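These notes are about the structure you will find just below.
None of these values were measured; they are calculated from a predicted model.
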Amino acid sequence: MRDRTRYLYLAVIAAVLVGIVVGFVWPDVGTALKPLGTGFVALIQMVIGPIIFCTIVLGVGSVRQAAKVGKVGGLALGYFIVMSTVALLIGLVVGNFIDPGAGLQLSDSARQAAEAEAAKGGEASTVDFLLGIIPKTLLSSLTAGSVLQALLVALLVGFALQAMGPKGEPILRGVEHLQRLVFRILAMIMWAAPVGAFGAMAAVVGATGIEALKSLAIIMVAFYITCVLFVGVVLGSVLWLVARINLWALLSYLGREFLLILSTSSSETALPRLIAKMEHLGVSRTVAGITVPTGYSFNLDGTAIYLTMATLFIAEATGSPLQIGEQIGLLLFMMIASKGAAGVTGAGLATLAGGLQAHRPALVDGVGLIVGIDRFMSEARALTNFAGNAVATVLVGTWTGEFDRERAAQVLTGQAPFDEATLLDDDHRPEPSDPAKEMSPA
């Protein structure tokens, strides 16, 4: 059957181009179109909680040994910590090498913008972040819009179904039917993507224009190049050494998701599709269901690079360069701050301002220097975070023996296309509880 959704993504590209034109020619009109992009992202966020819940409950509930779930989670968190540290170090090295920010002046309007972001970022302390993982009720975890709340409740329900044994089978079947329903709703929502992409792009171009990019081109271009090198060299090398998977083939397979993220500047819009596509690729339901949602809060490689490079940029621009010892302390601090970025409104920018408020208050005013281009840098952050989580899912699947490499070869060569209509794959889904479909660790 012909894949009609290819027209949808061609429409997304056209909508982005039209949005850019509208933003430049009629900036006031473009700014007024922002609710279109906001509404589309809200529609996606509406189904993220139920999708995470269904996927993890099915994955955990069907595994007989709870230790296997713990192994997957432990490997994933260990990898996230190591890779986030590498990303932070790369951000520090590049930030010191290009020496950005020299000669810039901080205006009063930029200082006021920085104060607003600092207040926003300061609202979420580490304690608040941890307590925020616990939902008010069992069902509110599916409606609050928090990935970690949905993850926590899904794990509890999955382990409870494990303990119930055969009596839990009817519930598992019910959750599977619910998953089909939610994925079908997501497929319907995706047809609104061109409208959302048009509104989001018109709004950002209308609000910032081309002038906002000129004086800050160095830090923005350097950040994009750094993200590309991190994905291509670091993630690509690790993926090939561990799983023998070509990075560019994997990124090509996820091309529609990257386009969706680029047009909305939010990696959350592609979270449900990433889970579905990783299962289709050959990663077991348990690994995909645990690694992807966890990675969205703890594996933010693009945000880690941004936090360190932006801080060095601000320090130089405000005439307060950081010494090596201060940079190391900053790296350790940002390792913690970056883990909570997904739970802060405004993500990277608010986290940067809040982090500087706690670590180096004198630098907070400098955040106003990059407010104008943060929207453009946030796209690189989101794309890098998404690529990092896709690679992490394949790696964890390989380490746990829950990745079918033969299946992946078929998918990446186009022999087993992804079903865009249902986002589900019933015929070739490897189940953790079926040894015949599992392959031994590499």
Side-chain angles (χ1 to χ4, degrees), residues 52 55-56 59-60 63 67-91 133 147-148 151-152 155 226-227 229-247 250-251 254 267 270-271 274-275 277-279 281-308 331-332 334-342 381-405 408 432 438-442:
I52 291 175
T55 303
I56 294 179
V60 176
V63 178
K68 180 178 288 188
V69 178
K71 180 181 179 182
V72 171
L75 280 172
L77 287 174
Y79 170 80
F80 295 159
I81 292 173
V82 171
M83 197 53 64
S84 295
T85 304
V86 172
L88 287 166
L89 284 171
I90 290 176
I133 298 175
V147 171
L148 290 181
L151 178 64
L152 173 64
L155 286 172
T226 303
C227 288
L229 292 176
F230 174 79
V231 173
V233 177
V234 179
L235 294 182
S237 299
V238 174
L239 182 64
W240 176 255
L241 290 174
V242 175
R244 286 295 186 267
I245 296 294
N246 182 277
L247 174 69
L250 178 63
L251 299 186
L254 298 171
S267 58
L271 186 154
L274 179 59
I275 293 176
K277 279 203 163 182
M278 287 294 101
E279 287 190 36
L281 184 66
V283 178
S284 75
R285 179 186 285 167
T286 302
V287 172
I290 293 176
T291 306
V292 173
T294 307
Y296 262 68
S297 290
F298 293 95
N299 188 38
L300 305 174
D301 298 328
T303 302
I305 295 173
Y306 168 82
L307 289 174
T308 49
L331 183 147
L332 296 175
M334 289 301 184
M335 275 185 63
I336 300 173
S338 66
K339 302 309 177 190
R381 289 199 303 265
L383 292 170
T384 305
N385 291 342
F386 182 81
N389 285 316
V391 170
T393 305
V394 174
L395 295 178
V396 174
T398 302
W399 287 326
T400 57
E402 303 278 341
F403 176 58
D404 188 340
R405 194 176 290 115
E438 296 180 7
M439 61 179 298
S440 59

| Thr291 side-chain N/O to Ala288 backbone N/O, donor-acceptor pair under 3.5 Å | no
| request: Please check if the side chain of Arg285 supplies one atom and the backbone of Glu279 the other of a donor-acceptor pair under 3.5 Å. | output: no
Using atom types as modelled, flag every donor-acceptor pair under 3.5 Å from a side chain in residues 384-396 to any protein atom, sequence neighbours excluded.
from   : atom 1 : to     : atom 2 : distance (Å)
Thr384 : OG1    : Ala380 : O      : 2.8
Asn385 : OD1    : Asp301 : N      : 3.1
Asn385 : OD1    : Gly302 : N      : 2.7
Asn385 : OD1    : Thr303 : N      : 3.3
Asn385 : ND2    : Thr303 : OG1    : 3.2
Asn385 : ND2    : Arg381 : O      : 3.2
Asn389 : OD1    : Asn299 : ND2    : 3.1
Asn389 : ND2    : Asn385 : O      : 3.1
Thr393 : OG1    : Asn389 : O      : 2.8

| field | Criterion side chain to side chain contact (heavy atoms under 4.5 Å, CB included) on Val234 and Met83, from CA distance to verdict | value | CA-CA 9 Å; Val234 179; Met83 197 53 64; 3.8 Å; yes
Please report the interatomic distance [atom1]([X]) to [atom2]([Y]), rounded to the nearest 0.5 Å.
X      : Y      : atom1 : atom2 : answer
Phe230 : Leu235 : CZ    : CG    : 4.5 Å
Ile290 : Thr400 : CD1   : OG1   : 9.5 Å
Thr398 : Asp404 : OG1   : CG    : 10.5 Å

| field | Heavy-atom pair of closest approach, residues Trp240 and Asn246 | value | CE3-N, 4.1 Å
| So do the side chains of Phe403 and Ile245 get within less than 4.5 Å of each other, counting heavy atoms only? | yes
